[in-house]
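Numbers restart at 1 for each chain; the letters A, B, ... are given by sequence-line order, proteins then strands.
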Number of protein chains: 2
Amino acid sequence: MTSIRETKKRRTRAAIMQAAVKLFSEKGFEKTSIEELAREAGIGKGTVYSYFQTKSDILHAFCEDELVCLHQELTANADKEIPLLRQMVNIYMSEFKMITENREFGRLFMQQTAFPRDADLEKHLENEDQYFRVLFPLLEKAQERGELRRDLELLHITGHFYGLYLLLVSAWFTGRVPTEEAEIALETLFRQALEGLQPPPAAGISTT
Amino acid sequence: MTSIRETKKRRTRAAIMQAAVKLFSEKGFEKTSIEELAREAGIGKGTVYSYFQTKSDILHAFCEDELVCLHQELTANADKEIPLLRQMVNIYMSEFKMITENREFGRLFMQQTAFPRDADLEKHLENEDQYFRVLFPLLEKAQERGELRRDLELLHITGHFYGLYLLLVSAWFTGRVPTEEAEIALETLFRQALEGLQPPPAAGISTT
DNA sequence: GGGAAAAATCGACTGCGGTCAACTTTTATC
DNA sequence: GATAAAAGTTGACCGCAGTCGATTTTTCCC
């Protein structure tokens with residue numbers, strides 16, 4: 001039942017997204033006005049707001065579409081038996097690449113993702129759940145392989161990796177970690193998280 | 001040499017901050033207009049902008065003042081020889097309390113702190129450095145006591161704690177961690193980071 | 001203390017995000 | 001196909017963040 005209405009709606013939404021990507025890329029998010037965007041998309045200003053609640057929602061919708069693609073790719077490919085460390089680095093680095101492709105996009109997206117407005121909470125939680133559906137199976141397998149402690153909740157474990165990912169992105173925005181070093185930095189951090197920050201308990205006795 | 005000018009400037013700045021705290025608390029950040037704030041402070045609208053570059057800078061300045069106080073307190077008190085885990089939980093929990101006192105304040109502050117605008121980078125880096133000056137001595141002491149591996153850079157170690165703190169705050173905003181459980185959650189995460197996520201290498205052989 | 005340069009104050013103005021009531025298009029019903 | 005209800009579109013309009021040139025206050029120098 002593809003009614004005229006449905007078809008038009010999809011077309012209009014697509015037109016908005018297309019105009020948004022074009023203009024945001026060309027002149028940046030802040031410098032693009034909704035009125036201009038509407039003109040580019042061939043519709044009225046008000047119409048934009050019947051598809052998206054705020055200007056940054058448009059950006060956000062775009063990023064989320066990208067993320068969904070990315071997750072599908074990842075679930076399709078990444079089930080392999082490579083070490084958890086590599087898997088995690090791969091997953092988060094593909095996200096990192098997406099985020100850092102456009103600095104302004106990325107900042108707004110991360111700000112909203114890490115500390116979302118209350119109005120966006122529901123959508124946000126859905127997204128997170130989708131995330132967990134990607135990660136949990138990988139973590140379970142790793143637990144089976146003995147790469148992860150079994151006495152920890154999966155939610156906590158994802159938390160550790162996600163926290164370090166947030167840190168990396170934050171450090172990238174502040175310039176502490178340049179793009180080229182991001183992967184090494186992330187891998188180091190993840191490895192340290194796996195090994196633990198305190199000295200191994202049973203091993204050789206320290207010389208002091 | 002406290003010229004009239006200096007005195008007035010300090011007084012005006014204080015008046016703005018005072019008006020901001022009052023109005024933001026009463027009616028929230030978004031609902032308070034700069035014009036109103038200026039009226040409350042007894043000055044013209046334009047003057048506000050010769051003290052702060054943007055509206056949220058006012059908020060941010062307030063939070064930073066609070067943070068400086070907090071850090072001074074912490075450096076004064078916290079050098080004691082209690083376990084690193086407790087020290088870290090204390091430090092980050094006092095920050096957490098400040099952030100979560102006012103939801104809207106906290107969100108904006110965290111968004112700007114974790115993913116700052118390029119214009120704010122310099123100020124941001126100064127702040128971070130001040131942070132390190134508080135944390136590094138504590139970490140060094142912990143290394144001396146054998147609570148922390150010595151083969152890790154202090155910067156990385158602070159990163160681990162800070163990353164988990166970001167995670168906690170993010171989880172609080174999404175409602176996954178209620179205020180009452182925050183401290184336990186943070187302590188758990190920090191302990192896990194110290195112990196490591198992978199099973200201890202030398203200990204008993206698994207039953208499988 | 002006079003007078004000019006520098007700093008600070010001000011509010012009218014601009015531009016944009018977001019709203020809304022009037023209007024047009026689509027659907028459902030007979 | 002006529003018609004009424006529902007859904008979708010629109011641009012004039014509103015409120016506010018941020019700008020800027022005109023004006024006032026402070027400092028500095030003689």
**Message:** Assuming nearest nucleotide by heavy-atom distance, tell me which of B/Lys8 and B/Glu35 is located more 5' along DNA chain C.
**Reply:** B/Lys8
**Asked** Can you name the nearest heavy-atom pair linking B/Pro116 to A/Arg107, along with the distance?
**Response** O-NH1, 2.7 Å
**Request:** Locate the shortest heavy-atom distance separating A/Arg145 from A/Ile82; write the atom from each residue and the value.
**Result:** NH2-O, 3.3 Å
Touch class at under 4.0 angstrom, heavy-atom based, for [X] against every strand present:
X: B/Thr32; result: sugar-phosphate
X: B/Phe52; result: nothing
X: A/Ser33; result: sugar-phosphate

Rounded distance (Å) that lies between atom [atom2] of [N] and atom [atom1] of [X]:
X: B/Lys55; N: D/dC16; atom1: NZ; atom2: C1'; answer: 8 Å
X: B/Arg13; N: C/dA8; atom1: CZ; atom2: P; answer: 14 Å
X: B/Arg117; N: D/dA17; atom1: CZ; atom2: C1'; answer: 13 Å
X: A/Glu30; N: D/dG18; atom1: CD; atom2: P; answer: 10 Å
X: A/Ile43; N: C/dT24; atom1: CD1; atom2: P; answer: 18 Å
X: B/Ile34; N: D/dT19; atom1: CD1; atom2: C1'; answer: 13 Å
X: A/Arg5; N: C/dT24; atom1: CZ; atom2: P; answer: 16 Å

**Asked** Can you find a side-chain donor-acceptor pair between B/Trp172 and B/Thr179 that sits under 3.5 Å?
**Response** yes
Nearest to the side chain of [X], heavy atoms from C-beta on, is which of [options]?
X: B/Ser3; options: C/dT9, C/dG18, D/dT27; value: D/dT27
X: A/Tyr51; options: D/dT9, C/dA8, C/dT9; value: D/dT9
X: A/Tyr49; options: C/dG18, D/dT27, D/dG18; value: C/dG18
X: B/Lys45; options: D/dT25, D/dC13, C/dA12; value: C/dA12

**Prompt:** If you pin A/Gly46 and B/Gly46 to their nearest nucleotides in DNA chain D, which one's is more 5'?
**Reply:** A/Gly46
**Prompt:** Are A/Leu148 and B/Gln198 close enough that some pair of their side-chain heavy atoms sits under 4.5 Å apart?
**Reply:** no
**Prompt:** With under 30° as parallel and over 60° as perpendicular, where do the rings of A/Phe173 and B/Phe115 fit, or are they tilted in between?
**Reply:** perpendicular
